[in-house]
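All values below were derived from every heavy atom in this structure, side-chain atoms included, with hydrogens, water molecules and symmetry-related copies excluded.
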Amino acid sequence: MISYVNGEYVTKPVVSVFDRGFVIGDGVYDSARTFGGRIFKLDEHLERLSRSMRYIEIDPDPYASEIRRATEEVVARNMDDVLAVGDVWVIQFITRGLLEDAGEFGFGLEEEPPGASLPTIVVIVRPLNFKAFGLLYRDGVDLGVSLLTRSMSGPFDPRVKSTGKVTYSRAERKAARMSSRHALGAKAYTVLFHDDGSIAEASGANLCAVIGDRLVRPPRHYALEGVSIETVCELAREQGLEIEERPITVYDLVNADEVMLTSTSFCALPIVSIDGIPLPGGGNVYATTLELWKDLVGFDFVQQAESMARGAG
């Protein structure tokens, strides 16, 4: 597939090993997805990317039009492949660029690398792994519990979509070890906690709970600013639910009417157990949310994912 790297459209994207994003994780990224080849909520994703860039002190304004143009162009140039694989991630990576002083990291460069003051801008598309979630719309997610905490808001705000994802990686690996369905290709998820012991999010996903006539979500400063959870809140309001933002504990999830995961790739999935404890379930908010989401995008992404997942098996 065709990618964009610093002003060029290439079939084999290459970034220098002296890039600060590679050496010290000094970068941010964002990821949207397509539905039937159309990017969903691109404005919201690019706005979140801009907020992340601003937080790590890369001014997004001089690069905003370039990033948008490259994103739309990469999808357009890959459209035949996008439709052939059944929709894709659309991902932008922004790093601070090449090291200004490579000697600081022991590389021994005698001169500053050319272009060291310019950020690195990469846009790629990547096939969605339907096998990882396609059958979970029906079967639901067995959510694991991890002792890992999300990044504290002091040194690095959890709302920033940083390239440094070691905590996520460790949580995902634990979830994979615990999940019997992971061997069949389904993705496993585990809870990440906030410093106060409440739930911040899940590995690679936001979560929320239906409690009575309210959709309850963790405080937004505890977790990544998810575009998908904002969409779930919009669709919950259409169903007459109030949105409440407050700390959520495992106790709350065990006693909720419904619990959902939200993420760009799958939109929303039901959680059927946590730490091996079956959840009551039985509500219809999740099912209605999926139907409203299909109407919103004009595309049956659930049928697509289930079909692709069975085909992948």
Side-chain angles (χ1 to χ4, degrees), residues 48 133 136-137 140-154 156-161 165 167-168 170-172 174-175 178-179 187-290 293:
R48 183 174 65 176
F133 59 83
L136 297 179
Y137 291 107
V141 173
D142 299 311
L143 188 64
V145 172
S146 167
L147 295 179
L148 297 171
T149 60
R150 189 63 164 91
S151 302
M152 295 183 293
S153 58
F156 204 89
D157 197 292
R159 288 170 288 186
V160 176
K161 201 168 178 70
K165 309 288 278 188
T167 302
Y168 280 134
R170 290 193 62 206
E172 286 177 335
K174 176 175 181 178
M178 296 172 60
S179 172
K187 184 174 174 62
Y189 296 89
T190 189
V191 164
L192 292 170
F193 290 94
H194 187 63
D195 296 329
D196 64 5
S198 66
I199 292 171
E201 56 191 334
S203 51
N206 291 107
L207 57 76
C208 56
V210 178
I211 302 176
D213 61 354
R214 295 164 292 152
L215 183 78
V216 183
R217 58 181 291 185
R220 66 189 68 215
H221 60 277
Y222 279 16
L224 180 70
E225 292 184 318
V227 173
S228 296
I229 196 170
E230 294 297 338
T231 303
V232 166
C233 289
E234 293 169 13
L235 301 180
R237 291 188 186 97
E238 290 188 30
Q239 299 175 64
L241 275 69
E242 296 182 11
I243 309 302
E244 182 179 357
E245 226 174 283
R246 65 169 174 81
I248 297 177
T249 65
V250 172
Y251 176 91
D252 295 317
L253 297 191
V254 169
N255 288 284
D257 299 306
E258 298 179 64
V259 185
M260 289 183 277
L261 281 183
T262 72
S263 185
T264 295
S265 57
F266 54 74
C267 302
L269 292 173
I271 297 175
V272 296
S273 73
I274 178 168
D275 200 24
I277 304 170
L279 302 185
N284 60 9
V285 172
Y286 164 71
T288 304
T289 297
L290 279 190
W293 208 316

Those residues that, when tested against P270, pass side-chain contact (heavy atoms from CB on, under 4.5 Å) (two or more places apart): Y286

Check against side-chain contact (heavy atoms from CB on, under 4.5 Å), L143 and L279: CA-CA 10 Å; L143 188 64; L279 302 185; over 6 Å; no

Heavy-atom closest contact (L253 atom, A209 atom, distance): CD2-CB, 4.1 Å

Where E258 and N284 come nearest, the two heavy atoms and their spacing: OE2-N, 3.1 Å

Any residue meeting side-chain contact (heavy atoms from CB on, under 4.5 Å) with I243, in chain and number order, not counting sequence neighbours: L215, R217, C233, A236, R237

Any side-chain heavy-atom pair of L261 and V141 under 4.5 Å: yes

Pair D196, Y222: side-chain N/O donor-acceptor within cut-off below 3.5 Å: yes

Any residue meeting side-chain contact (heavy atoms from CB on, under 4.5 Å) with P280, in chain and number order, not counting sequence neighbours: none

Non-neighbouring partners of T231 that pass side chain to side chain donor-acceptor pair (under 3.5 Å), sequence neighbours left out: K41

By side chain to side chain donor-acceptor pair (under 3.5 Å) - contacts of S265 (at least two apart): none

Point-to-point distance, once rounded to the nearest 0.5 Å, from SG of C267 to CG of L235: 9.5 Å

L269 side chain reached by F133 side chain, heavy atoms, under 4.5 Å: yes

Partner residues of E238 under the side chain to side chain donor-acceptor pair (under 3.5 Å) criterion, sequence neighbours left out: none

Side-chain heavy-atom pair V210, V259 within 4.5 angstrom cut-off: no

Minimum heavy-atom distance between A188 and S203, given as atom pair plus value: O-OG, 4.2 Å

Listed partners of T262 passing side chain to side chain donor-acceptor pair (under 3.5 Å), at least two apart: none

Pairwise side-chain contact, Q239 with V285, heavy-atom cut-off 4.5 Å (strictly under): yes

Pairs involving residues 242-255, ordered by first then second residue, that meet salt bridge (Lys or Arg N to Asp or Glu O under 4.0 Å) (sequence neighbours left out): R214-E244, R220-E245, E244-R246, R246-D252

Non-hydrogen side-chain atoms of I199 and T249 separated by less than 4.5 Å: no

Under 3.5 Å: donor-acceptor pair, side chain of D257, backbone of G212: yes

Any F193 side-chain heavy atom under 4.5 Å of V145 side chain: yes

Stepwise side-chain contact (heavy atoms from CB on, under 4.5 Å) test for V250 and I274: CA-CA 8 Å; V250 172; I274 178 168; 4.2 Å; yes

Option among V232, N206, L290 that satisfies the side-chain contact (heavy atoms from CB on, under 4.5 Å) test with M260: V232

S198 side chain reached by I248 side chain, heavy atoms, under 4.5 Å: no

Contact check, side chains of S263 and Y189, non-hydrogen atoms, under 4.5 Å: no

